[in-house]
Structure formats: C-alpha cells, structure tokens
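Remarks on the structure that follows.
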2 protein chains.
Amino acid sequence: MRSVTIRNVADLAGVSVATASRVLSGHPSTSEVARSAVNNAATALGFRPNAQARSLRKTSTQTIGLVLPDVRNPFFADLAHAVEQRARDFKYLTLFGNANEDAEQQDRYFDIMLTQRVDGLIAAPQGNLADLQAVLDSGVPTVFVDRVISDTTVPSVTPDNVTGVQEAVRHLTNLGHRRIGYIAGPQSTSTGRERLAAFQSALADTNADDDADLIFFGDFQAASGAAGAHHLLELPHPPTALLAADSLMSIGAIGVCNERGLAIGSDLAFVAYDDIEAFSLINPALTVIAHDVNAMGRLAVDLLTQVIAGETPESVILPSRLIVRGSTPSLPGGRTP
Amino acid sequence: MRSVTIRNVADLAGVSVATASRVLSGHPSTSEVARSAVNNAATALGFRPNAQARSLRKTSTQTIGLVLPDVRNPFFADLAHAVEQRARDFKYLTLFGNANEDAEQQDRYFDIMLTQRVDGLIAAPQGNLADLQAVLDSGVPTVFVDRVISDTTVPSVTPDNVTGVQEAVRHLTNLGHRRIGYIAGPQSTSTGRERLAAFQSALADTNADDDADLIFFGDFQAASGAAGAHHLLELPHPPTALLAADSLMSIGAIGVCNERGLAIGSDLAFVAYDDIEAFSLINPALTVIAHDVNAMGRLAVDLLTQVIAGETPESVILPSRLIVRGSTPSLPGGRTP
DNA sequence: GACACCCATGTAATCGTTTCCATGGAATCG
DNA sequence: CGATTCCATGGAAACGATTACATGGGTGTC
C-alpha cells in the first residue's frame, strides 16, 4: 500500500518532478500542455501530496494548535467550533488538544504542538509562567483566549470578568438577598481569580454578608459544583442565592438543588456563568452572565494571524453582561430572612 | 529563530547524528557515555525533534484522525473526549475535524486527514459510499462510530437504534398517548434512518396513529428541532407526546414548547435522545433514550488499533435503553384526547 | 541578423530525521 | 591464541516534497 508520490505523477505525465511540483502548486511558469498532462496524471493516480514532506521543506505547516481545558464544557465546545471555523477561512488546520483542566496534560499538549511545528498556538492556559516557559521560549506565535497568564506579553482575547459579576451581585442584593453563596473557579486560572475578586469587591459595596464561609472553591468541573452546593446549603446560615463561576459547576450545583427538593427561583435564587442553550430551557430559565463566545473565537484567530504576520496586536476584552431570567425572581420566597 | 536540530545536539555532544538519533529514540546499542552526553546536550539546547521529518522517514505519524459532525452537540463532545483520552493510552495524537453536519466539510476533512497521513481514522460519517470513496481507496485503517455507511466492510461501534426507540414508543402508548410526534434525523445518516424505521415499526405494533404528518424531518441541529416542534404543535390534531432523534433537536423543540407556554410533563410528554447532563436538570427531568458514550469512544479506538495491526475486528453494537423521568408522567394531563 | 529578454523545463540541493551498511575494537569461545 | 560474535559508532542513503540555479528555445527590438 505504498502511497503515490509526485515522482509517479511526473513519470506518468512524462515531465520532471520539478515541473510536476510547479503545476500542482500553481506556479505561473508552466505550459498548458504540461499542466494538463500533470493534472491528468495526478487525478488518474489519485495523488495526494504528503503534508509532512511539504512542511519539512517549507517553513510553515498551515496548522494552528488549540489547547482548551475541556471540550465537554459547552462554553469551550462553542469556542472550539468558533476558532476552527475562523481558522478555515485562513486555510489553517486546527490541531485540537483537550487538557482536561489539568496542568500536566496541558503541558503535554503544548509539547506535542511544538513538536508538530504548528504555525501558531491559541490556548486558554492554566497555571503559571513556568508551565508556559517552553512555549514562550520556542517563539511560536501565541494568543491566549478566555484565560491569561500574568507577566507575559502574549496578546489575548478575554471576557470582562468584572462587569457581569458586579451586575449579578447588585441584582441579587437589590432583590433583598444578603447571603449570596459563591462557587468559585480554581485560583490557578485568571478567570477564577478575577471573577472571585470582582465578587468580593462588588459585595463590599453592599450591605450583604461577606463571610468566608459563603465562598467555595471548585475546579470548573460539574462534580465540584455539586460539592459546593452541598457545602453552602448545609451551612448553619445557608445562602438564599447562589452564583457559580462557570457552566459545568452550575450544572452540578443545580443537580444538587433538585435532589434536595429546593426549587430554583422560589426557594433559592441562582445565577450561572455562560449563556448555555440548555440554561434557557430549565424551568424557570436561568439568569446568566453572558458573553459572546463566537466573537471570542474569531478574534483569537484574527489576532493570531496578526502575530504570525509579525505584528503585535492589542489585547481585546469583550463585554459581558447579566441576562435576567426566571431563576432570580423579584420576590424571593421561602427561606429568605 | 531557526530551531535546534539533531545535528546541533550531535555536535555539542561530540558524536554523530546517527548516535544522537539512537540515544534519543532509545535504541539499545548506545554506550553510557554517549547517552549522557547526548541527553545533556539535548536538554541544554532545548532540542525538540521535528515531527514532520520523523514521520517522513518512518511510515507512521502516531496520529489518528477523528471526524465528527458537530462538537457543539454534547453527545459528540463527550465522544470526542472519550476517543482522545483512549487514544492517549496508545500514544496517539488525535487530529480533530468538525464537519458541521455538512457532507462537503466532512469530505474536506477526510482529505486533510489523508494528506496528513494519519495512521488511522475514526468517523461518524454522513452521506453515501461515493463521499467516502477517497478514504476507502486510500486504504487507511478506518473505524466508524455512532453512524455507518452501508455496503462497506469498515468495522463500526454503533448504538442499538432500535431497542431504545421501541421502549419509548411502548412507554408512551402504555401511558395512553395515541398521537406521538417524531422529529427525525436526516435520512443521509444511518442513525437518522434506523431510528425512524424503529419508530415506525414500533408504532405499527400499537394502536397509535401513524399519520405521515406526525413525522418531521430535521437535521440534528437545534434550529430544526424548533422548526419541528412548531410544525407538529400547529397541526389540526397536534400530538400529545414528542420524541426527538438527538439532543440538539430536543433542545430546540423544548425551547419552542417553553415559548408557547406548553408545560412539559403536564401539557405534553417529551422523550429526548442522548442522556445529556443538562436534561436531568430540566424540571421535570427529561425521559431519555440513553447509551454509553464513553464505551463507544473507547471501543472505537480499540477497534482502530486492531485494524492498524492488520486484524479485522467484529463490529460492536452497544445497548441503548429508556430512562424514564418526569417528562413522561403516568397520567398525562391537559390536551390528551 | 544579433542581442537581450523571458519563460518553461530539468538537475540537484535541501528540509531533519531514521536506518542500512561498513568498520573497528572488545569480548567470547573452542 | 586465532576465529567468531557482538556492539557502539559514523557515513551516507533514504523519506517526498519545494526551489535555486542552469539551460535552451522562442520572441521582440534595433
């Protein structure tokens, strides 16, 4: 099953490999007769150029790497889709790596991406500068998306992690909530840190309680959202509203509320992060902090092409906003103090 | 920014490239002194072998291709995750392509995969034999997952598309439903065809209506589920129960029910396909036809490794079953005849 | 008609790695 | 001790494409 090479094509067409290569890659200096001979031979043999050989000779692989924490998180699935579609516009193939919210798996993927000599890299990174050192040292054009690593000059496309949380806290306190439970993301991520800081600072501007107890640290996965809901709802003074820092933890937390027979919207107010389609189906629909995933993915690719072209684009911060739905009704019933 | 090659490593270590290569790829015939010299030089220079050059020389790329219809479908996101994790066990890198439920994009990805000389290919294919011809001709080891193309000998891992649907129809008719609306998948997919056939044949065993009107043809995307719900609910004789052939169409359909103020579980019974986490959060939780996504992904990789090894493994059909939850209560209220 | 120019083509070098083959020294065996 | 085997090593040939350089024929200009 030896595959057919450009040499076979050239032989069948009766020309040299150089001419065959020129025809196949659209070089202008080719005659009509050579063109048709080579093209016919290529289709007759089912020739398919070997990408390895090509990228070995050229400097570029026409491939970008995308390292995300978890495809099963609908936010990242949407982001992956957006990046991939945009990359296609630039004729880039997207090499996708799923870090499983794990710094070690992430680093292994970075390693693979570099080994594969991707032309550029888009990542929602985890951990600190040390984990990224290999990537930064390699000099491969890189753009961060959603999350960033501090103390680097890597351009990024991130959501505004402050405004949405601020609006959510104000919204809840305006409704009369004074005990708001917060299920935080891991502090090894910029989104985890920034959203928590925004929550705490927004809280300080209100007369709501700021007990340390009301903050639970999760890891952006569903199970930790469930653990957080358990912990918070079993406090001596349980919260009357919950806010979770991503969609998977929201899913986990809501599952626990259902199990405990707590009706969201009446027994407990709930605000989720990310505007997942399924969240609008839950009855009552969830109030969410939303941002534009598609724009984020597109912009990340656009920035990356600029970096590859040698430019140094400005980082972009995309707005986020609160979408109020039924899970935070104006008159909280049940166990509100 | 020229990257460091094995020649630089060899020079620094004071050995030939051949020896350096042998040390770095763990060939037994190497001396202790050469090993340490080369390893030191490699780490000192931050050497990272060029995957293109390596795969050019070797026959294998240690890469498998995965072509799926849509990552944004949680079922396929889970499947992608399962495949990727299992592939890692075999030291394979997964090259991921998202066909967007579009035969043309799918074929472009197949083309890319072949150009990249993947060692094997896992696909949930769409369309007919002609679309796949290039892949089959190339002789690249292939396994189908979830969906198949008829008249091929490609091994596959598929769900049992009959039992779950049968159980769902029986369950609904036992509850007294006689008008069951079905939102079908595209007939260009095996899952779309088999599930529809199972629905029709199960219906024939009951005294429920089998009007052609009650079947709407969608495309496995959310928007078509919404269109299907609109169509079915506006029939002169609307159905009292809905069954949708995948999760995205279910999401679209449920959104429409909510908009129209139809309470699922009381005004309308609903059965969804695929046991998505979010479906158990909807209140009442959805009755679903479930199957084991993780097993499907793992088995697909296992089968592929067998094909790569030259064996011809048997295809596997994984069981599916009905999980009854609140969306199909025993006493349908409202508009039941 | 001579000269310059352009264009299609072929030869061969090149990309970075693996691996076949030859070599020479050490070890083993009768 | 001589012959054989073994092993670490280096030189060089592959893998399959692109492309710099050389070449020769055709065209245009004066």
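A note on names: the letters A, B, ... follow the listed sequences, proteins ahead of strands, and every chain is numbered from 1.
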Spacing of [X] atom [atom1] relative to [N] atom [atom2], expressed in whole Å:
| X | N | atom1 | atom2 | answer |
| --- | --- | --- | --- | --- |
| B:Gln62 | C:dT17 | CD | P | 17 Å |
| B:Ile6 | C:dG16 | CD1 | C1' | 8 Å |
| A:Arg7 | C:dA12 | CZ | C1' | 11 Å |
| A:Gln116 | C:dC15 | CD | P | 21 Å |
| B:Leu56 | C:dT14 | CG | P | 17 Å |

Output, in order, the C-alpha distance, side-chain angles, deciding distance and verdict of side-chain hydrogen bond (donor to acceptor under 3.5 Å, both in side chains) for B:His81 and B:Asn294. CA-CA 8 Å; B:His81 181 259; B:Asn294 258 298; 5.3 Å; no

For B:Arg57 and B:Ser16, find the nucleotide of DNA chain D closest to each by heavy atoms; which residue's nucleotide sits nearer the 5' end? B:Ser16

Of the listed nucleotides (C:dC15, C:dT18, D:dT18), which one gets closest to any side-chain atom of B:Arg54? C:dT18

I want to verify a distance call: between C:dT18, D:dT9, C:dC15, whose nearest atom is closest to the B:Ala34 side chain? D:dT9

Do any of [range] sit with a heavy atom less than 4.0 Å from DNA chain D, and if so which?
| range | value |
| --- | --- |
| residues 107-115 of chain B | none |
| residues 18-30 of chain B | B:Ala18, B:Thr19, B:Arg22, B:Pro28, B:Ser29, B:Thr30 |
| residues 42-50 of chain B | none |

Side chain to side chain contact (heavy atoms under 4.5 Å, CB included) partner of A:Val154, the single match among A:Val148, A:Ile149, A:Leu136: A:Leu136

How would you list, by chain and number, every residue that makes a salt bridge (charged side-chain N to carboxylate O under 4.0 Å, His left out) with [X], sequence neighbours excluded?
| X | answer |
| --- | --- |
| A:Asp70 | A:Arg72 |
| A:Glu101 | A:Arg147 |
| B:Arg108 | none |
| B:Arg88 | none |

Find the bend of the helix from C:dG1-D:dC30 to C:dG30-D:dC1 as the angle between its two terminal axes (five pairs each), to the nearest 10°. 40°

Would you mind listing every salt bridge (charged side-chain N to carboxylate O under 4.0 Å, His left out) that reaches into residues 40-52 of chain B, with sequence neighbours excluded? A:Asp111-B:Arg48

Would you say C:dC15 has OP1 or OP2 under 4.0 Å from some side-chain N or O of A:Ser55? no

Under 6.0 Å from the CG atom of A:Asp151, do we count more than 12 heavy atoms belonging to anything else shown? no

Applying side-chain hydrogen bond (donor to acceptor under 3.5 Å, both in side chains) to A:Asn73 and A:Asp246, what does each step give before you reach the verdict? CA-CA 9 Å; A:Asn73 182 326; A:Asp246 89 328; 3.3 Å; yes

Which residues share a side-chain hydrogen bond (donor to acceptor under 3.5 Å, both in side chains) with A:Gln306, sequence neighbours left out: none

Check for a donor-acceptor pair, side chain of A:Thr5 on one end and backbone N or O of A:Arg7 on the other, with a separation under 3.5 Å. yes

CG of B:Leu121 to CD1 of B:Ile64, rounded to nearest 0.5 Å, is 8.5 Å

Which atom pairs, donor and acceptor, lie under 3.5 Å between side-chain atoms of residues 33-46 of chain B and protein residues at least two apart or in another chain?
{"from": "B:Arg35", "atom 1": "NE", "to": "B:Ser31", "atom 2": "O", "distance (Å)": "3.4"}
{"from": "B:Arg35", "atom 1": "NH2", "to": "B:Thr30", "atom 2": "O", "distance (Å)": "3.2"}
{"from": "B:Ser36", "atom 1": "OG", "to": "B:Val33", "atom 2": "O", "distance (Å)": "3.2"}
{"from": "B:Asn39", "atom 1": "ND2", "to": "B:Arg35", "atom 2": "O", "distance (Å)": "3.1"}
{"from": "B:Asn40", "atom 1": "ND2", "to": "B:Ser36", "atom 2": "O", "distance (Å)": "3.2"}
{"from": "B:Thr43", "atom 1": "OG1", "to": "B:Asn39", "atom 2": "O", "distance (Å)": "3.1"}
{"from": "B:Thr43", "atom 1": "OG1", "to": "B:Asn40", "atom 2": "O", "distance (Å)": "3.0"}

Applying ring-ring contact (aromatic ring centres under 6.0 Å, His included) as the test, list every pair that has at least one member in residues 106-155 of chain A; sequence neighbours left out. none

